[in-house]
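The structure under discussion appears below in the form of structure tokens.
Here is the naming used below: chain letters follow the sequence lines, and residue numbers restart at 1 for every chain.
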Amino acid sequence: MGTAEITNKLCFGTFYNGLTDCVNHLLCKMSCFCAAVLISQKPKKEEAEHPVTTKKKSKEEIEAAKALKIKKKEEEEQQRWRWWEEDKYEDGVKWKFLEHRGPFFPPEYQHLPDNVNFYYNGKVVKLGLAAEEVALFFAQMLDHEYTTKDVFRNNFFKDWRKEMTLEERVLISDLNKCDFRELHTMHKEKVEARKAMSKEEKLVMKEANQKIVEEYGFCILDHHRERIGNFKIEPPGLFRGRGEHPKQGMLKKRIQSEHEWLPPAGHHWKEVRHDNTVTWLASWTENVQGSCKYVMLNPSSKLKGEKDWEKYEVARRLKSCVNGIRQQYQQDIKSKQMETRQRAVALYFIDKLALRAGNEKEEGETADTVGCCSLRVEHITLHDLLEDKECVVEFDFLGKDCIRYYNKVPVTKRVFKNLTLFMKNKEPGDDLFDRLNTCLLNKHLSSLLPGLTAKVFRTFNASITLQEQLQQLSNMTDNPAEKLLSYNRANRAVAVLCNHQRVPPKTFDQSMAILQSKIDGRREQLALAKSELKLAKKEVKAHSSDSKLQAVVERKKKAVQRCEEQLMKMEVQATNREENKQIALGTSKLNYLDPRISVAWCKNMEVPLDKIYNKSQRDKFAWAVDMTGADFIF
DNA sequence: CCTGTTACTTAGCATAAACGTA
DNA sequence: TACGTTTATGCTAAGTAACAGG
């Protein structure tokens with residue numbers, strides 16, 4: 001113990017990676033160190049163990065609870081690490097001191113109960129642990145459409161057979177003869193049972209989870225306690241990529257642990273690394289795509305926040321020189337160099353339409369999706385004239401996550417002519433920009449402005465759109481509900497620009513109908529209240545200046561007003577929800593919109609910040625909340 | 001250059017938790 | 001208080017982009 005700069009990187013790999021003496025040595029240090037972390041957390045655990053009183057709360061108690069909440073909030077605020085007020089480290093250094101408990105591993109698989117059976121060809125087959133676990137993965141998914149897809153089934157079956165014993169493999173040769181129904185039923189029952197748990201049981205579960213979070217969910221980074229984002233190792237399961245993924249159904253293997261004797265969790269690390277130029281705490285290699293996965297900090301952390309802040313600063317730098325850049329690419333479209341022309345047209349799209357860069361991908365390894373630089377001839381159609389507009393480009397392609405991008409865009413004559421040229425003598429499957437890739441494009445961009453890459457345009461255009469839309473749509477004289485509607489509409493304009501879509505919730509129509517009927521009910525109520533008010537007024541006139549009747553009128557007036565407000569609120573809500581049907585606002589809010597624009601807007605419009613940002617969003621954007629005044633301009 | 005690797009951000013969906021209402 | 005709906009969170013896939021090394 002006491003050795004200063006120890007634990008930092010724990011890379012754990014497959015079981016077969018050998019341990020060197022050196023790593024072993026480091027590991028010992030590690031475990032001592034973890035013990036220390038555990039001890040330091042003990043007092044908090046005791047606090048959590050207070051018995052829960054179920055008696056009814058009196059008014060005083062409710063008041064006290066409220067006060068406690070406020071106090072807690074203040075305390076939290078005081079404890080917050082205001083890293084944005086500190087000096088930055090020298091280039092590349094991400095931290096000077098880091099301690100953590102290592103990642104949390106999922107529980108080992110337990111055999112099925114004896115009465116739950118897998119059948120092959122109508123006969124009970126008792127599977128070994130490995131094959132049974134994978135069978136259960138499939139059984140759990142039986143309700144999903146993709147267990148009917150050939151690619152999914154074939155990939156699954158191939159990988160499943162690899163997990164079988166020789167005997168099992170000889171016997172089980174046809175997936176269609178497999179009957180997983182009992183496993184599926186058991187799984188469904190388990191889910192139901194979990195739902196039906198009593199309050200007390202749920203509380204016990206919750207506390208157990210909190211204990212894990214307390215133990216594994218935090219690290220100490222440069223003397224501050226920071227939340228870790230994904231401290232849990234991904235459990236094994238069947239890979240389901242998005243869209244028509246060629247690897248769907250493949251087995252995502254358990255990240256291997258071994259050597260039971262090794263404290264604390266019985267895992268050994270492939271390597272323990274001390275590298276303060278990176279931000280991850282642990283990493284492993286995933287077997288389906290062969291890619292690396294990382295344990296990293298929560299968005300509220302310094303490491304993430306600082307990067308985020310910097311991202312928006314680069315975007316603001318682009319704002320100050322974007323006119324020049326635009327002029328230049330308009331010029332470049334006329335260049336004699338084909339490469340330059342392609343680059344200019346691609347940049348025109350990226351800037352105008354907020355397209356993603358479009359890196360090349362290995363064919364057959366992932367679903368077929370594209371971005372700007374990887375567009376193919378088949379993804380666009382040129383129209384000299386379409387719906388009264390000249391020079392229209394019709395885009396139709398699958399982008400990230402297989403989300404369809406469909407757009408009809410009028411472009412300049414010059415761009416249109418160039419596109420015609422780029423498509424000449426090409427097959428539909430050929431690259432539109434055959435002389436261009438993201439590397440080339442980004443090299444050019446960084447020569448225009450240090451730090452400038454293709455994705456900066458998306459950030460810049462998203463943020464500037466929000467700012468302009470807020471300016472246009474919102475009025476100080478609006479009521480709070482209208483102000484929020486304006487904010488959401490501005491946010492929506494960005495989401496549309498960035499093509500952030502979602503499938504409408506299954507219950508959308510139903511919940512819309514419910515809201516509508518509530519609105520209708522409230523309308524009737526309002527009409528009633530109004531006529532009652534009229535009546536009351538008449539009464540007053542008849543028996544002039546009776547103070548009692550006067551009070552009745554006042555009361556009725558208030559009732560009408562209240563009713564109007566509520567109706568208005570619901571109507572706004574309905575509009576907002578309808579407009580949001582297929583659009584996801586979260587992604588742009590979290591990743592593309594400079595939070596300072598929203599903070600400043602809230603201040604100017606006198607809208608409480610928590611109407612715009614929930615708790616975790618406020619935590620993520622704490623730097624912006626703290627430093628932004630009403631005068632901020634992106 | 002090209003190709004593979006590494007590190008990091010961005011993405012939508014499923015599920016859990018919170019909330020409002022009968 | 002229970003229930004159904006709405007909102008927040010967790011999960012992990014899928015991108016971007018820099019870099020190393022041939």
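Side-chain contact between F349(A) and C372(A) is present, with heavy atoms from C-beta onward closer than 4.5 Å. Counting heavy atoms from C-beta outward, K304(A) and E226(A) have side chains that stay 4.5 Å or more apart. Counting heavy atoms from C-beta outward, R317(A) and L449(A) have side chains that approach closer than 4.5 Å. Taking 4.5 Å as the limit, some side-chain heavy atom of N491(A) sits within range of a side-chain heavy atom of S588(A). Put simply, the side chain of F152(A) reaches to within 4.5 Å of the side chain of T147(A), judged on heavy atoms. Using a 4.5 Å heavy-atom threshold, the side chains of N580(A) and R492(A) count as touching. Residues W95(A) and T279(A) fail the side-chain proximity criterion, which asks for heavy atoms closer than 4.5 Å. Residues L398(A) and I403(A) are not in side-chain contact: their nearest non-hydrogen atoms beyond the backbone lie 4.5 Å or more apart.
Minimum atom distance to the side chain of N614(A) is reached by dA8(C), of the listed dA7(B), dA11(B), dA8(C). With distances taken from any side-chain atom of N591(A) to the nucleotides dT21(B), dA14(C), dT10(B), the minimum falls on dT10(B). Nearest nucleotide to the side chain of K206(A), out of dA18(B), dG12(B), dA7(B): dA18(B). Side-chain atoms of Q510(A) lie closest to dT5(C) of the nucleotides dG15(C), dC8(B), dT5(C). Residue H500(A) has its side chain nearest to dA11(B) when only dC8(B), dC13(B), dA11(B) are considered. If you check dA11(B), dA18(C), dT5(C) against the side chain of R242(A), the one that comes closest is dA11(B). Relative to the side chain of Q289(A), the nucleotides dA7(B), dG10(C), dA14(C) differ in distance, and dA14(C) lies closest.
G358(A) comes within contact range of the sugar-phosphate backbone alone, with a heavy-atom separation under 4.0 Å but no base atom that close. Among the protein residues, P235(A) comes within range of the sugar-phosphate backbone only, with heavy atoms under 4.0 Å from sugar or phosphate atoms but none that close to a base. Among the atoms of the strands shown, none is found under 4.0 Å from any heavy atom of S291(A). Counting non-hydrogen atoms under 4.0 angstrom, R502(A) reaches the backbone sugars and phosphates but no base. In this structure, S616(A) reaches the sugar-phosphate backbone alone: every heavy-atom distance under 4.0 Å involves primed, P, OP1 or OP2 atoms, never a base. Counting non-hydrogen atoms under 4.0 angstrom, K252(A) reaches the backbone sugars and phosphates but no base.
Position along DNA chain B of the nearest nucleotide to E362(A) versus K94(A) favours E362(A) as the more 5'-ward residue. Residue whose closest nucleotide on DNA chain C sits further toward the 5' end, between C439(A) and F239(A): F239(A). Each of N437(A) and K400(A) has a nearest nucleotide on DNA chain B; the 5'-most of these lies closest to N437(A). Residues K293(A) and I514(A) both approach DNA chain C. Their nearest nucleotides, taken by heavy-atom distance, put I514(A) toward the 5′ side.
Under the 6.0 Å distance and 45° angle rule, K302(A) counts as a cation-pi partner of Y89(A). Both cation-pi conditions hold for R225(A) and F218(A): the charged atom is under 6.0 angstrom from the six-membered ring centre and inside a 45 degree cone around its axis. In this structure, K88(A) forms a cation-pi arrangement with W309(A), its terminal cationic atom sitting closer than 6.0 Å to the ring centre and no more than 45° off the ring axis.
Between N359(A) and dG15(C), a side-chain N or O to OP1/OP2 separation shorter than 4.0 Å is absent. When the side-chain nitrogen and oxygen atoms of S511(A) are compared with OP1 and OP2 of dT6(C), one or more of them lie within a distance under 4.0 Å. Taking 4.0 angstrom as the limit, R356(A) places a side-chain polar atom (N or O) nearer than this to OP1 or OP2 of dA11(B). For the OP1/OP2 pair of dA16(B) and a distance below 4.0 Å, the side-chain nitrogens and oxygens of R194(A) include at least one atom meeting the criterion. Contact annotation: S283(A) does not reach the phosphate of dA7(B) (side-chain N/O to OP1 or OP2, under 4.0 Å). Between R458(A) and dG15(C) there is no side-chain N or O to OP1 or OP2 distance below 4.0 Å.
Taken residue by residue, residues 580-590 of chain A places no heavy atom nearer than 4.0 Å to DNA chain C. Taking a 4.0 Å limit (strictly below) on heavy-atom distances, residues 443-457 of chain A reaches DNA chain C at T453(A), A454(A), K455(A).
Atom NZ of K307(A) is separated from atom C1' of dA7(B) by 8 Å (rounded to the nearest Å). If you take OH of Y592(A) and C1' of dG15(C), they are 9 Å apart, rounded to a whole angstrom. Whole-Å rounding puts the I228(A) CD1 to dT9(C) C1' distance at 17 Å. Spacing between atom CG of N499(A) and atom P of dA14(C) amounts to 17 Å, rounded to whole angstrom units. What separates CD1 of I403(A) from P of dG15(C) is a distance of 10 Å, to the nearest Å. Atom CE of M141(A) and atom P of dT15(B) are 10 Å apart (whole Å). Remark: P of dG20(B) and CD of Q573(A) are 11 Å apart, rounded to the nearest angstrom. Rounded to whole Å, the distance from CD on Q140(A) to C1' on dT15(B) is 14 Å.
Within 3.5 Å, no donor on the side chain of K304(A) pairs with an acceptor on the base of dT9(B), nor the reverse.
By the salt bridge (charged side-chain N to carboxylate O under 4.0 Å, His left out) test, R502(A) pairs with no residue at all, sequence neighbours left out.
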